[in-house]
Number of protein chains: 2
Amino acid sequence: MKKTIYDIAKHAGVSIATVSRVINNTGRMSDETRKRILRIMEEFDYLPNMHASALTGKKTNSIGVIVPDVSNPFFGEIVKFIQLFAEEQGYTVIIGSTDYHPEKEANYFSLLKQKSVDGLIMATSVDSDESLERLQEIVDDNVPLAMLTHDRMPFPMDVVTIDDSMGGYIATNHLLELGHKDIVFVTGSQTMTSFRDRIKGARQSLEHNGVEFHESQIIKSHFSIEGAKEDIGQYLETHLPTAIFAVNDVFACATIQAARKRGVKVPEDLSVVGFDNTVLAEVTDPPLTTISQPKADMGKQIVRMLVEAIEGKKTSKSKIILSPELIIRQSTVKPEAQV
Amino acid sequence: MKKTIYDIAKHAGVSIATVSRVINNTGRMSDETRKRILRIMEEFDYLPNMHASALTGKKTNSIGVIVPDVSNPFFGEIVKFIQLFAEEQGYTVIIGSTDYHPEKEANYFSLLKQKSVDGLIMATSVDSDESLERLQEIVDDNVPLAMLTHDRMPFPMDVVTIDDSMGGYIATNHLLELGHKDIVFVTGSQTMTSFRDRIKGARQSLEHNGVEFHESQIIKSHFSIEGAKEDIGQYLETHLPTAIFAVNDVFACATIQAARKRGVKVPEDLSVVGFDNTVLAEVTDPPLTTISQPKADMGKQIVRMLVEAIEGKKTSKSKIILSPELIIRQSTVKPEAQV
DNA sequence: TAAAGTTAAGTAAGCGCTTACTCAAATATA
DNA sequence: TATATTTGAGTAAGCGCTTACTTAACTTTA
């Protein structure tokens with residue numbers, strides 16, 4: 001039932017070596033033979049057993065992608081683009097979603113090593129000792145690495161990010177320009193370097209504009225939208241700023257909902273800025289002013305770099321920093337306009 | 001650098017057969033030997049080469065999952081749950097997103113066959129000849145299949161769905177109970193059996209309530225949110241109903257936006273019901289009345305069934321139909337309340 | 001036209017593992 | 001104590017492929 005290279009060879013009246021040569025398009029051989037073999041492969045619906053070829057050291061044509069959470073639309077969209085471009089280049093994608101758990105991340109590293117992926121894209125902040133140890137093994141195997149949306153490099157690797165710090169800066173600038181002075185920041189796990197940078201940029205903006213900053217202006221929240229609503233809601237009980245900048249759209253949506261639940265109107269009583277420009281920003285009420293990341297471009301660039309590294313067309317590492325963009329919708333207004 | 005079973009065997013002073021036995025926990029052997037070998041494997045960070053073991057016919061501990069679009073929050077969430085439960089059972093997940101393209105679907109079947117996945121979960125409607133042909137090969141290999149969210153079975157397989165028809169029914173009933181008579185339905189590709197069933201249920205509800213139905217009450221839209229906005233907007237130019245039932249939340253959000261763009265207010269001028277209860281429904285303006293699918297439960301059940309089939313604990317096929325639930329938010333009101 | 005070079009294709013080793021078969025030593029049975 | 005049985009572990013074939021090496025049949029070259 002199962003077709004092997006032997007079946008093809010037998011039917012073509014050649015040796016398996018010849019068949020292997022046409023599979024890999026290597027060696028010399030008469031055009032006639034090659035065509036005949038191709039025809040027979042077609043006819044038999046023959047697909048080479050990739051475990052056998054991987055065992056001999058060939059590429060597996062697969063790349064691993066590790067993201068914190070596929071169900072976050074930002075990563076959902078990113079993954080979709082990565083998959084699209086990887087496919088164009090003839091690679092399959094194996095996705096791991098870590099739920100922000102370092103152990104899961106470490107497990108994925110082991111797993112992807114076992115699956116012998118040809119390269120690895122990471123969109124998580126790899127910091128746990130366990131993860132780094134596992135990643136080290138992958139590095140030892142000379143598997144190319146690329147990091148997306150983070151700019152920390154535990155090992156030499158290609159990087160694609162946006163300028164998160166600038167993103168935080170322009171978001172905050174936008175609020176300051178509107179006239180807000182009392183701005184609060186919502187962020188998540190501080191291990192996410194992208195979040196840290198966004199906050200850093202925000203603080204720089206405050207500083208440049210001569211507005212003071214206190215640690216108490218930061219809400220550190222949990223990751224689920226429900227958890228975030230809770231955390232933000234509690235904060236709002238004690239202090240109601242005129243504007244909030246959240247480090248991603250999920251938090252921004254949570255902010256809007258937490259505010260609404262307490263009778264605080266967005267944007268009249270509270271302006272909100274998000275980050276990522278996901279579908280959530282388009283759809284939420286009010287539509288969210290947010291910082292856009294060029295997701296398609298990011299996906300394309302990272303796949304391009306990784307594939308070049310895999311195929312040996314590129315030996316040095318590079319870093320691509322794309323620009324974030326402010327998308328003004330209706331969740332931000334001047335504080336004068338507030339009730 | 002690379003550790004093989006030979007390295008472990010040599011260091012343990014045993015044959016590779018013995019090492020293999022401890023890896024697979026088979027055969028008999030003194031406790032002492034087993035422990036010693038385990039310790040050495042640990043020390044060497046040894047992971048068996050899965051291509052080698054797959055080559056001998058062992059399971060790969062991976063399952064394929066095919067969805068139409070990972071960036072649709074409904075599938076993003078579903079995939080997340082599938083991944084979670086699969087992992088608990090010791091399986092990796094290889095995800096394919098087809099963008100509703102039959103050729104991509106067919107490609108994924110080939111690919112997953114090559115990767116020799118142990119089982120396959122499909123959340124797409126498999127109809128193209130090409131896809132069915134490729135799927136046939138997978139069936140011939142006795143790979144267990146499970147279908148999610150669809151209830152069409154090109155081959156014998158396990159199924160988990162909700163009762164889509166009932167979902168359409170209760171959504172429409174809700175609108176009728178509010179007093180709407182002029183209801184329009186937004187749907188997508190008719191190859192999606194789930195969409196067809198939702199519309200079917202809607203029509204049944206109309207019929208039971210003595211409300212007439214015309215084909216012109218159906219808007220067939222494209223899949224991207226932008227395309228849908230366009231399609232729905234055009235329809236609204238010619239006819240403005242008092243309520244719209246969209247077969248998923250993405251279409252419902254598109255409806256709200258298309259309406260808003262034309263100055264039609266939701267819910268005052270137009271009530272909207274969605275389907276799926278994704279994060280979009282929570283977040284959109286106004287929050288969406290929608291039909292909820294128990295995604296976590298669906299993910300859990302389908303993984304459970306598939307794994308049981310893979311591990312031979314289950315030979316007959318079964319079908320699990322879960323109940324949809326109406327979640328009333330603020331996008332639906334009585335037409336009397338309309339302007 | 002004989003020696004040298006090309007060309008098309010075959011032979012066989014090896015990738016890292018599993019497993020049926022084998023075997024010697026230890027233990028049980030009569 | 002002689003024989004049968006169990007136990008722990010090794011031997012070697014084979015999974016489906018790739019590829020270095022080899023070979024036989026042609027072509028060139030001088």
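Just so it is clear, the structure is predicted and the values come from calculations on it, not from any experiment. Residue numbers begin at 1 in each chain, while the letters A, B, ... track the order of the sequences. Basis for what follows: all heavy atoms, side chains included, without hydrogens, waters or symmetry-related copies.
- A salt bridge is absent between A/Arg39 and A/Glu42; no separation between the charged side-chain nitrogens and carboxylate oxygens falls under 4.0 Å.
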May I have the step-by-step check of side chain to side chain donor-acceptor pair (under 3.5 Å) for B/Thr98 and B/Glu105, ending in yes or no? CA-CA 5 Å; B/Thr98 67; B/Glu105 192 179 74; 5.2 Å; no
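- Remark: A/Thr33 is in phosphate contact with C/dA9, judged by side-chain N or O atoms under 4.0 Å from OP1 or OP2.
- If you check D/dG8, C/dC17, D/dT19 against the side chain of B/Tyr46, the one that comes closest is C/dC17.
- No engagement by A/Thr26 is indicated, since no non-hydrogen atom pair under 4.0 Å with the nucleic acid exists.
- The side chain of A/Leu55 has D/dG16 as its nearest neighbour among D/dT19, D/dG16, D/dC17.
- Among the atoms of the strands shown, base atoms are found under 4.0 Å from some heavy atom of A/Ser20.
- Across D/dT19, D/dG10, C/dA9, the shortest atom-to-atom separation from the side chain of B/Ala17 is found for D/dG10.
- The shortest distance between the side-chain N/O atoms of B/Thr18 and the OP1/OP2 oxygens of D/dA9 is not below 4.0 Å.
- B/Val14 comes within contact range of the sugar-phosphate backbone alone, with a heavy-atom separation under 4.0 Å but no base atom that close.
- Contact annotation: B/Tyr6 does not reach the phosphate of C/dG14 (side-chain N/O to OP1 or OP2, under 4.0 Å).
- For the OP1/OP2 pair of C/dT18 and a distance below 4.0 Å, the side-chain nitrogens and oxygens of B/Asn24 include at least one atom meeting the criterion.
- Taking every heavy atom of both residues into account, B/Val19 and B/Ile5 meet most closely at CG1-CG1, 3.5 Å.
- Among the protein residues, B/Ser53 comes within range of the sugar-phosphate backbone only, with heavy atoms under 4.0 Å from sugar or phosphate atoms but none that close to a base.
- A pairwise comparison of heavy atoms in B/Lys314 and B/Ser316 identifies NZ-O, 3.0 Å as the closest pair.
- In terms of phosphate contacts, B/Thr56 brings no side-chain nitrogen or oxygen within less than 4.0 Å of OP1 or OP2 of C/dG16.
- Contact annotation: side chain of A/Arg21 to base of C/dG10, donor-acceptor pair present below 3.5 Å.
- Of all nucleotides listed (D/dC17, D/dT7, C/dC17), D/dT7 comes nearest to the side chain of B/Arg28.
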